[in-house]
Amino acid sequence: MRLRDIAHARTGDKGDTSQICVFARHADDFPRLERELTAQRVADHLTMLKPRRIERHVLPNLGAVNFVLHGALSGGVTRSLALDAHGKTLGAQLLDMEMGDA
Amino acid sequence: MSESNRMTRIRIGAGAGFAGDRIEPAVELIEKGELDYLCFECLAERTIALAQLARQRDPASGYDPRLEKRMRAVLAPAMARGVRIVSNMGAANPLAAMQAALGVARDLGLKGIRMAAVLGDDVLSAISGQDHPLIDRDGSLADITPISANAYLGAFPIARALDEGAQVIFTGRVCDPALFLGPMIHAFGWAQDDWTRLARGTAVGHLLECAGQLTGGYFADPGVKNVPDLARLGFPLAEVSEDGDAVLTKVAGSGGRLSLASAREQAMYEILDPARYLQADVVADFTGLSLTELGPDRIAVAGAQGHSRPERLKVSVGYRDGFIGEGQITYAGPGAVARGQLALEIVKERIAMLGLPVDDIRYDLIGMNSANVTARAGDPAEVRARVAARALDAATAAEIGAEVEALYLNGPSGGGGVTTSLREVVAVASVLIGRDAVSPSILHEVS
């Protein structure tokens, strides 16, 4: 099972910081997201991104886990050399994470 | 507006979520949304710095280049239905934006429309000679040469312009949700220290500010998250009550879908710490935010909390940061990845041989690792080799594209479709300044 099977995500950016919020499709899956979707697992999966620091916020009301990836965007959209300078594609890549069986 | 004729409920639409947004959805909202207000968010972080450069070349420019086109489409139907317009299309020159919109109104034979420009966000002269630490990375103002500096104003100047009778308002830099919060403050008479209502209104403004991103844009994932009729995506509107609670919806017959999932995604879009969403007027706490599906395309929003506003205002500072040169070339068929890789190695060696003084350089194989940062790999039918570099001078940066183009005759077999580009980098950094350095003012004029 992959994260995409139980979750959806939206990605934004503020300067050199990427923000990825992951949402449980069904309320039943939220405890699993909260338990298993750690900052370390996000860092490991987005292995080539190498942010300076990852902040994690849990939002039970929205069934969401929010990740703030500081220093992840090569200086930010205005000066990055990356093709996807906003990092808009990162959330979809995160959804490819292997979650094992429920 | 006096106590007696204050409204208990208003309808605010989102007419654009970025400078390049579609125009028809705003017209659809005016015609079918029974709106009181329509707000257009059109000012990205760097746009105002670019607009400032345009203004230096031509004092009558510096506002959103699509302003006239949008106004030509929306002014007549909006004025006919009593819909008031608020937008940050003023960019680096709100006064010129207002003059341009007045010109459109006169062209269309629309007389007597009251317009206003909100000024005072431009703090370039106020910060000149000052030093402030950059808040989003290491360094300070002294390390860069600002070409623009704009403070993020709040919603109260917009509310005041509405109080004074303006029907169409242009701002420069304001907090994006403030475009929507301004009409709420005006309609409901919210106080400057009513942190709870200001936070609720901010939540509504935040949900609306990216327009179609609430109603199914930036959301579809075929087979997993389906969205109908994205070619006719309808933009959202909110029915806001005087306590700041709201119902989000879109007009019947428009494309897209406003679902609990799309609303949740937009609620958290670009929110870093959800307990502290910093705005000029309030620190909003979204941790208690609740979204409830009332029916098809109808979502109730409630539960935001507020704390007293920050002591200082954020200022976005634009500065020149050299040039970026880029070149791309495609390889397809068996061995495409190896040929693309060889192409990159050749360019890398050439740049070393020529001793090109680049500050930073990046080599990608589009299809393999240009956006992908995971361990996932495959054997694509085609790849596109890409080299991008930043340099202090344009001539050096231009050499990057030239070296990629030379691969046509000097590189691996079967390279095609070269494109090259060269652009000046206008980067943005942020600092904080005291509120006393910023004094918003409003100018009115009638068409």
Side-chain angles (χ1 to χ4, degrees), chain A residues 4-5 7-25 44-52 55 57-72 74-85 87-97, chain B residues 44-46 49 134-137 210 213 218-219 221 224-225 260-275 286-291 303 318-319 321-322 324 326 328 360-362 364 366 369-376 384 386-390 425-430:
Chain A
R4 186 171 183 245
D5 297 322
H8 58 104
R10 180 163 294 199
T11 313
D13 67 289
K14 290 266 186 203
D16 198 18
T17 300
S18 173
Q19 175 260 341
I20 306 173
C21 198
V22 181
F23 303 82
R25 285 180 191 288
D44 291 347
H45 182 76
L46 303 176
T47 179
M48 290 180 278
L49 194 64
K50 308 203 183 311
R52 196 169 58 244
E55 223 178 287
H57 303 277
V58 178
L59 292 124
N61 267 13
L62 301 177
V65 186
N66 190 40
F67 293 95
V68 182
L69 294 81
H70 296 275
S74 313
V77 62
T78 57
R79 66 191 310 265
S80 164
L81 296 176
L83 190 63
D84 174 20
K88 296 270 188 193
T89 64
L90 294 173
Q93 297 185 53
L94 187 61
L95 293 180
D96 199 30
M97 181 188 287
Chain B
E45 203 175 21
R46 179 176 49 170
L134 306 181
I135 58 171
D136 31 20
R137 58 192 162 83
C210 293
Q213 277 198 188
Y218 194 45
F219 183 80
D221 192 353
V224 184
K225 295 192 296 182
L260 200 50
S262 70
R264 282 178 171 173
E265 284 195 13
Q266 193 54 29
M268 283 303 297
Y269 179 66
E270 293 185 342
I271 299 291
L272 304 184
D273 180 353
F286 289 172
T287 54
L289 196 72
S290 70
L291 296 166
Y319 63 101
D321 194 21
I324 289 178
E326 181 181 331
Q328 297 184 10
D360 193 9
I361 189 157
R362 176 177 170 128
D364 296 308
I366 298 172
N369 60 17
S370 67
N372 174 38
V373 293
T374 71
R376 184 176 178 137
R384 191 158 171 81
R386 171 181 185 265
V387 184
R390 190 169 52 241
V425 182
V426 173
V428 166
S430 303

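Note on naming: letters A, B, ... go to the chains in the order of the sequence lines (proteins, then strands), and numbering restarts at 1 for each one. From a predicted model like this one, the values you see are computed outputs, not experimental measurements.
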Task: A:Leu62 side, atom CG; B:Leu260 side, atom CG - distance, nearest 0.5 Å - done: 8.5 Å
Open item on the list: Quick check on A:Asp13 against chain B: is it the side chain, the backbone, both or neither that has a heavy atom closer than 4.5 Å?
Closed with: both
Task: Residue, of B:Ile361, B:Asp221, B:Leu291, B:Asn369, that accumulates the most heavy atom pairs under 4.5 Å with chain A - done: B:Asp221
Task: Whether B:Glu45 side chain and A:Lys14 backbone form a donor-acceptor pair below 3.5 Å - done: no
TODO: Determine the minimum heavy-atom distance between A:Leu59 and B:Thr287, stating which atoms define it.
DONE: CD2-CA, 4.0 Å
Task: salt bridge (Lys or Arg N to Asp or Glu O under 4.0 Å): pairs with one or both residues in residues 261-274 of chain B, sequence neighbours excluded - done: A:Arg10-B:Glu265, B:Lys225-B:Glu265
TODO: Select one option (side chain, backbone, both, neither) describing which atoms of A:Ala9 are under 4.5 Å from chain B's heavy atoms.
DONE: backbone
- [ ] Kindly indicate, with the supporting measurements, whether the criterion side-chain contact (heavy atoms from CB on, under 4.5 Å) is fulfilled by A:Gln93 and B:Val373.
- [x] CA-CA 8 Å; A:Gln93 297 185 53; B:Val373 293; 3.6 Å; yes
Open item on the list: If I measure from the heavy atoms of chain B, does A:His45 come under 4.5 Å with its side chain, its backbone, both, or neither?
Closed with: both
Task: Residues of residues 76-84 of chain A with any heavy atom under 4.5 Å of a heavy atom in chain B - done: A:Thr78, A:Arg79, A:Ser80, A:Leu81, A:Ala82, A:Leu83, A:Asp84
Task: B:Asp136: partners by side-chain contact (heavy atoms from CB on, under 4.5 Å), with sequence neighbours left out - done: B:Leu134, B:Ala429, B:Ser430
Task: Residue part contacting chain A, namely of B:Ala389, when any heavy atom lies under 4.5 Å - done: backbone
Task: Under 4.5 Å from a heavy atom of chain A, the part of B:Ile366 involved - done: side chain
Open item on the list: Rounded to the nearest 0.5 Å, what separates atom CG in A:Leu46 from atom CG in B:Asn372?
Closed with: 9.5 Å
- [ ] Kindly give the heavy-atom pair with the smallest separation between A:Arg4 and B:Val224, and that separation in Å.
- [x] NH2-CG2, 3.3 Å
- [ ] Name the option with the most non-hydrogen atom pairs under 4.5 Å to chain A; the candidates are B:Val428, B:Ile271, B:Val425.
- [x] B:Ile271
TODO: Please flag which part of A:Thr17 lies under 4.5 Å from any non-hydrogen atom of chain B: side chain, backbone, both or neither.
DONE: side chain
Task: Toward chain B, the part of A:Arg52 with a non-hydrogen atom under 4.5 Å - done: neither
Task: B:Tyr218 versus chain A, the contacting section by heavy-atom distance below 4.5 Å - done: both
Task: Taking every non-hydrogen atom, the tightest pair across B:Leu272 and A:His57 - done: O-CD2, 3.5 Å
Task: Which residues share a salt bridge (Lys or Arg N to Asp or Glu O under 4.0 Å) with B:Arg46, sequence neighbours left out - done: none
Task: Contacting moiety of A:Leu94, where chain B heavy atoms sit under 4.5 Å - done: neither
- [ ] Identify which of B:Gln213, B:Glu326, B:Arg362 forms the greatest number of heavy-atom pairs closer than 4.5 Å to chain A.
- [x] B:Arg362
Task: Residue among A:Asp5, A:Val58, A:Asp16, A:Thr11 with most heavy-atom pairs under 4.5 Å to chain B - done: A:Thr11
Task: Largest heavy-atom contact set with chain B, pairs under 4.5 Å, which of A:Thr89, A:Asn66, A:Leu90 - done: A:Asn66
Open item on the list: If I compare all heavy atoms of A:Asn61 with all of B:Gly288, which pair ends up nearest, and what's the gap?
Closed with: ND2-O, 3.0 Å
TODO: Let me know if A:Asp96 has heavy atoms under 4.5 Å from chain B in its side chain, its backbone, both or neither.
DONE: side chain
- [ ] Name the region of A:Thr47, side chain, backbone, both or neither, that has any atom closer than 4.5 Å to a heavy atom of chain B.
- [x] both
TODO: Below 4.5 Å from any heavy atom of chain A, which atoms of B:Asp321 appear? Answer side chain, backbone, both or neither.
DONE: side chain
Task: Atom group of A:Lys88 that falls short of 4.5 Å from chain B, counting heavy atoms - done: both
TODO: Please round to the nearest 0.5 Å and tell me the distance separating atom CZ of B:Arg390 and atom OG of A:Ser74.
DONE: 9.0 Å
